[in-house]
Amino acid sequence: MSNNNKKLFLETYGCQMNVADSEVVASIMEHDGFTITKIREEADVILVNTCSVRENAETRVRGRVQGFSELKKKNPKLLIGVIGCMAERLGEKLFEQEKNVNIVVGPDAYMDLPLLVKKAENGEKAINIELSLTETYKDICPSRIDETSISGFVSIMRGCNNFCTYCIVPYTRGRERSRNPESILKEVLDLAEKGYKEVTLLGQNVNSFVYKNSVSEVSFPELLEMVAISVPNLRIRFATSHPKDMSDDTLNIIAKYNNICNFIHLPVQSGSDSVLKDMRRKYTQDWYKDRIEAIRRIIPGCGISSDIFCGFHNESEEDFNDTIELMKWAKFDLAYMFKYSERPGTFAYKNLDDNVPENVKQRRLEEMIVLQNQISLENNQSDIGKIFEVLIEGISKRSEQDVYGRTSQNKVIVFPKKDYQVGDFANVIVKKCTKATLIGEAV
Ligand code: SAH
Ligand code: SF4
Ligand code: F3S
């Protein structure tokens, strides 16, 4: 133990992978003698786990880091570290641009954190942004930071090889690598032992998972089945799936096991074939529709969500209209919608002009949001009168008499608490809804 009794405050931005990584970081630091604090003012070290996916994600983090000046004034020994995707993308530049930053660590270098903290304490430059072809943190048992949660993440693969032309992730996360299934199962079983009721398997392209060694090969559907069998009383989810790898084998495994949730997040990005081509998404509108039809055929009633963004290079009104038509056709339960944000270093940044004016992007985004809100509401309305099995996740923020949880289809539902406890399963009939929430009663 080299950092006995020091306190670490961890703040996390970005995707679920970052949430999972922060638990790895917490574990590494705890092994070095740190304790995790929820009070910023008492921290010796603050680590901010960051996202670079859109410019506004980075702007937020910069504001946050600049805001730490007050704390530094009060405690001149306080060390601030930027870790994760922004650290990887900006490297040394972060020291120049953000005066408060003492430590910079990329997503594959977290094992080095305790040493880097020591260096920073000695006033030395503390940076490691080396990407790895093999690091999966397979031997780290993540510290579950939110002890009240009944739902845990397990990352099964890291990195991305797809190089969609607009996307920074392959540069910040490095090459795709899948984790040893044995260590995945060990972590899943550990969650079950700790009383967790749900596990989400994570990866940037989770369904491209493939683990090879000299004797065997494990594919994503095979891994999914192994997990489903090993923890029959846990709900299993996974994200994010790439449409090009969404196989019938995977869908059949979901249909076969009751404990694998009937929900798939399948980002489409655009409905226009020419935009999809410029994005290098490796599928067409027809391919995507075929995958949606396969989901609905093999897993009737499956919840489906998506990511979509407008205003990419050369997106015409006609292209945008293809996206609108696809949204009407697919009737996603939920969609995360964005405006294109050009990212330095990507293929698009170098070769595909960011030529849709900001006001056009904004108008298109608003049009998508209005449409999706309408579709989400209609989908929820069609659930009225149906009964769903719900895993209770917490007490409603609006009323202590109510609990909330999610259906297998990933819809949030609120209903009277009665004698139910967080972590219980309940059968709930849907009575009412809004566009975002179902409201029901246990039966
Ligand atoms: N690996 C996942 C998603 C990664 S990023 C996948 O392949 O789908 C999450 C979402 O951010 C993406 O699905 C995309 O919709 C959006 N996104 C990524 N880069 C973007 C950019 N440069 N501008 C706007 N949105 C972007
Ligand atoms: Fe980015 Fe594409 Fe990889 Fe997803 S699949 S992380 S959008 S490059
Ligand atoms: Fe953001 Fe990095 Fe995740 S860029 S979306 S935190 S992989």
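Source: prediction; values computed, not measured. Indexing begins at 1, ligand by ligand and atom by atom, following the structure's order.
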Trainee: Record the part of Asn205 in heavy-atom contact with ligand 2 below 4.0 Å; permitted values are side chain, backbone, both and neither.
Mentor: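 Just the side chain.
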
Trainee: In terms of the angle between their ring planes, are Tyr288 and Tyr283 parallel, tilted or perpendicular, with boundaries placed at 30° and 60°?
Mentor: tilted

Trainee: If you have a sec, work out which protein heavy atom is nearest atom 4 (Fe) of ligand 2 and how many Å separate them, to one decimal?
Mentor: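 Atom 4 (Fe) of ligand 2 sits closest to the protein heavy atom Arg281 NH1, 4.2 Å.
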
Trainee: So is Gln269 polar-close to ligand 1, meaning N/O to N/O under 3.5 Å?
Mentor: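 Right, the criterion is met.
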
Trainee: Please write down residue, atom name and distance for the protein heavy atom closest to atom 8 (S) of ligand 2.
Mentor: Cys164 N, 3.3 Å

Trainee: Just going by heavy-atom distances, which of Val206, Thr165, Asp307 is nearest to atom 10 (C) of ligand 1?
Mentor: Asp307

Trainee: Please write down residue, atom name and distance for the protein heavy atom closest to atom 3 (C) of ligand 1.
Mentor: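 Going atom by atom, the protein heavy atom closest to atom 3 (C) of ligand 1 ends up being Gln204 OE1, 3.9 Å.
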
Trainee: Could you list the atoms of ligand 1 found under 4.0 angstrom from a heavy atom of Arg54?
Mentor: 11 (O), 16 (C), 17 (N), 23 (N), 24 (C), 25 (N), 26 (C)

Trainee: So do the side chains of Ile150 and Glu198 get within less than 4.5 Å of each other, counting heavy atoms only?
Mentor: no

Trainee: Flag the pair His313 / Glu342 as yes when at least one side-chain heavy-atom distance between them is below 4.5 Å, and no otherwise.
Mentor: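 The answer is no, as the side chains (C-beta and beyond) never meet within the 4.5 Å cut-off.
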
Trainee: Taking the side chain as everything from C-beta on, heavy atoms only, tell me whether Ile292 gets closer than 4.5 Å to Val268.
Mentor: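 SC-SC contact between Ile292 and Val268 ruled out.
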
Trainee: Would you mind telling me which of Asp108, Thr134, Asn161 makes a side-chain hydrogen bond (donor to acceptor under 3.5 Å, both in side chains) with Arg175?
Mentor: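 Answer to the side-chain hydrogen bond (donor to acceptor under 3.5 Å, both in side chains) test with Arg175 among Asp108, Thr134, Asn161: Asn161.
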
Trainee: Polar-atom distance check: Arg343 versus ligand 1, any N or O pair below 3.5 Å?
Mentor: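 No: no nitrogen or oxygen of Arg343 is under 3.5 Å from one in ligand 1.
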
Trainee: Do you know how many protein N, O or S atoms are within a distance smaller than 2.8 Å of atom 2 (Fe) of ligand 3?
Mentor: 1

Trainee: In terms of atom number and element, which parts of ligand 1 are under 4.0 angstrom from non-hydrogen atoms of Tyr166?
Mentor: 18 (C), 19 (N), 20 (C), 22 (N)

Trainee: Looking at Phe338, Phe347, Tyr340, Phe309, which one forms a ring pair (Phe, Tyr, Trp, His ring centres under 6.0 Å) with Tyr166?
Mentor: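 Exactly one candidate clears the test, Phe309.
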
Trainee: What are the two closest non-hydrogen atoms of Pro243 and Arg291, and how far apart are they?
Mentor: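 Nearest heavy atoms, Pro243 then Arg291: O-CG, 3.9 Å.
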
Trainee: Looking at ligand 1, does any of its N/O atoms fall within less than 3.5 Å of an N/O of Asn205?
Mentor: no

Trainee: Any N/O/S atom, backbone or side chain, of Cys160 lying under 2.8 Å from atom 3 (Fe) of ligand 2?
Mentor: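 An N, O or S atom of Cys160 is closer than 2.8 Å to atom 3 (Fe) of ligand 2, so yes.
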
Trainee: Considering only protein heavy atoms, which is closest to atom 7 (S) of ligand 2, and at what distance to one decimal place?
Mentor: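 Scanning the protein heavy atoms, the shortest distance from atom 7 (S) of ligand 2 goes to Tyr166 OH, 3.3 Å.
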
Trainee: With a 4.5 Å limit on heavy-atom distance, are the side chains of Phe332 and Ile375 in contact?
Mentor: no

Trainee: Is there at least one pair of N or O atoms, one from Glu342 and one from ligand 1, spaced under 3.5 Å apart?
Mentor: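 The answer is no, given that Glu342 and ligand 1 share no N or O pair closer than 3.5 Å.
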
Trainee: Would Lys289 and Trp329 count as a cation-pi pair here, with the cationic atom under 6.0 angstrom from the ring centre and within 45° of the axis?
Mentor: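 Checked: cation-pi criterion met.
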
